[in-house]
Amino acid sequence: MTLDELRGQALQCRDCALAERRRNVVFGEGNPAAPLVLVGEGPGEQEDQTGRPFVGRAGQLLDRALLDNGLTREHVYICNTVKCRAADWSSGRPRNRAPEESEVSACRRWLLPQLAIIAPQVVLCVGAPSAKNLIRKDFRITAERGKLFKSELARAILATLHPAYILRQQSQTNDGGYGLLVADIAKAWSTAVRLAERQPSGSPAPASQFELEI
Ligand code: URA
């Protein structure tokens, strides 16, 4: 199956209730041959409207953090834990909410093959829901961000702070964690490039002490 075939199927998905209100399935975009894939949480209003990941305020901050590493969206591939907008409609107007576990589970049907087809060297989970989905259920983002883990999804996986969280924390005297986001992208990218040089994609990951080996 190609990425385009998978996208075609995902655009038709009605496996969970998020399908009812979505305007677009936000499948993902960027370089499908990239050594690094970023996996966010899920589309917000602007992503739902445009069908593109990370195009709102959080996305602009993510673009800036990529650029601070000399990277653009053409160097990486960007997608999300869930492909449709999760929102609470109880007040009549949609308010973004975190995806429920059942929605995250349902969407693994698309995310896991997406990662398998791209076969990146490194996956960078952007935010806690992504890390809990792809690294470990009880992943603690503040304590464990920036650390490399072994994974079946890529040669290495790590997590960073979500730019929406950083925007909420920022003040005149506090970067809200922006420096950590930039540093984690730097680590993810340099690890991906080093691994790509060392071993062609598809061969097995080092057996142990991953953090020490790379
Ligand atoms: N936040 C995410 O996690 N993903 C997007 O695509 C946009 C905002």
Side-chain angles (χ1 to χ4, degrees), residues 3 6-7 10-11 13 16 18-19 21-32 34 36-67 71-88 93-112 114-115 118 120 122-135 139 141-142 144-146 153 157-170 176-178 180-182 184-185 188:
L3 203 55
L6 188 70
R7 175 197 294 275
L11 298 190
C13 179
C16 81
L18 299 185
R21 303 263 198 177
R22 72 165 178 239
R23 278 177 279 197
N24 281 294
V25 173
V26 182
F27 182 72
E29 67 177 34
N31 178 358
L36 174 63
V37 173
L38 277 60
V39 182
E41 179 175 325
E45 183 180 10
Q46 294 190 45
E47 290 80 16
D48 179 51
Q49 229 161 45
T50 59
R52 300 184 55 214
F54 280 104
V55 291
R57 273 187 78 217
Q60 285 163 22
L61 195 69
L62 184 63
D63 282 339
R64 181 146 77 83
L66 285 168
L67 213 55
L71 302 172
T72 69
R73 287 180 182 231
E74 278 154 40
H75 292 94
V76 297
Y77 188 90
I78 302 181
C79 62
N80 278 305
T81 300
V82 294
K83 313 295 187 203
C84 299
R85 183 186 186 193
D88 175 4
R93 285 191 52 216
R95 288 176 58 102
N96 291 343
R97 62 162 172 81
E100 286 170 12
E101 220 172 289
S102 60
E103 294 158 349
V104 170
S105 284
C107 223
R108 284 169 69 91
R109 173 183 173 194
W110 305 116
L111 178 58
L112 298 189
Q114 187 172 31
L115 293 175
I118 298 169
V122 175
V123 170
L124 177 62
C125 299
V126 180
S130 174
K132 286 175 191 287
N133 185 31
L134 296 182
I135 302 178
F139 190 87
I141 191 83
T142 42
E144 297 183 283
R145 54 137 286 282
L153 306 170
I157 190 163
L158 72 166
T160 191
L161 302 176
H162 196 287
Y165 167 85
I166 293 171
L167 287 170
R168 287 195 299 273
Q169 303 301 312
Q170 275 178 342
Y178 178 75
L180 298 176
L181 174 64
V182 173
D184 293 342
I185 291 173

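Whatever order the structure lists them in is the order used to number ligands and atoms, beginning at 1. Quick note: residue numbers are just sequence positions, from 1.
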Item to check | salt bridge (Lys or Arg N to Asp or Glu O under 4.0 Å) against Glu101, all qualifying residues, sequence neighbours excluded | outcome: Lys137

Donor-acceptor pairs under 3.5 angstrom involving side-chain atoms of residues 159-168: please list them, not counting sequence neighbours.
from   : atom 1 : to     : atom 2 : distance (Å)
Thr160 : OG1    : Asp184 : OD2    : 2.7
His162 : ND1    : Ala164 : N      : 2.9

Item to check | Non-neighbouring partners of Arg57 that pass salt bridge (Lys or Arg N to Asp or Glu O under 4.0 Å), sequence neighbours left out | outcome: none

Next on the checklist: Any non-hydrogen side-chain atom of Val122 less than 4.5 Å from a side-chain atom of Ile157?
Outcome noted: no

Next on the checklist: What does the 4.0 Å heavy-atom contact list look like for ligand 1?
Outcome noted: Gly40, Glu41, Gly42, Glu47, Pro53, Phe54, Asn80, His162

Checklist entry - Quick one: do Arg22 and Asp48 make a salt bridge, cutoff under 4.0 Å? => result no

Next on the checklist: A cation-pi test, strictly: NZ or CZ of Arg73 under 6.0 Å from the centre of the six-membered ring of Phe54 and no more than 45 degrees from its axis. Yes or no?
Outcome noted: no

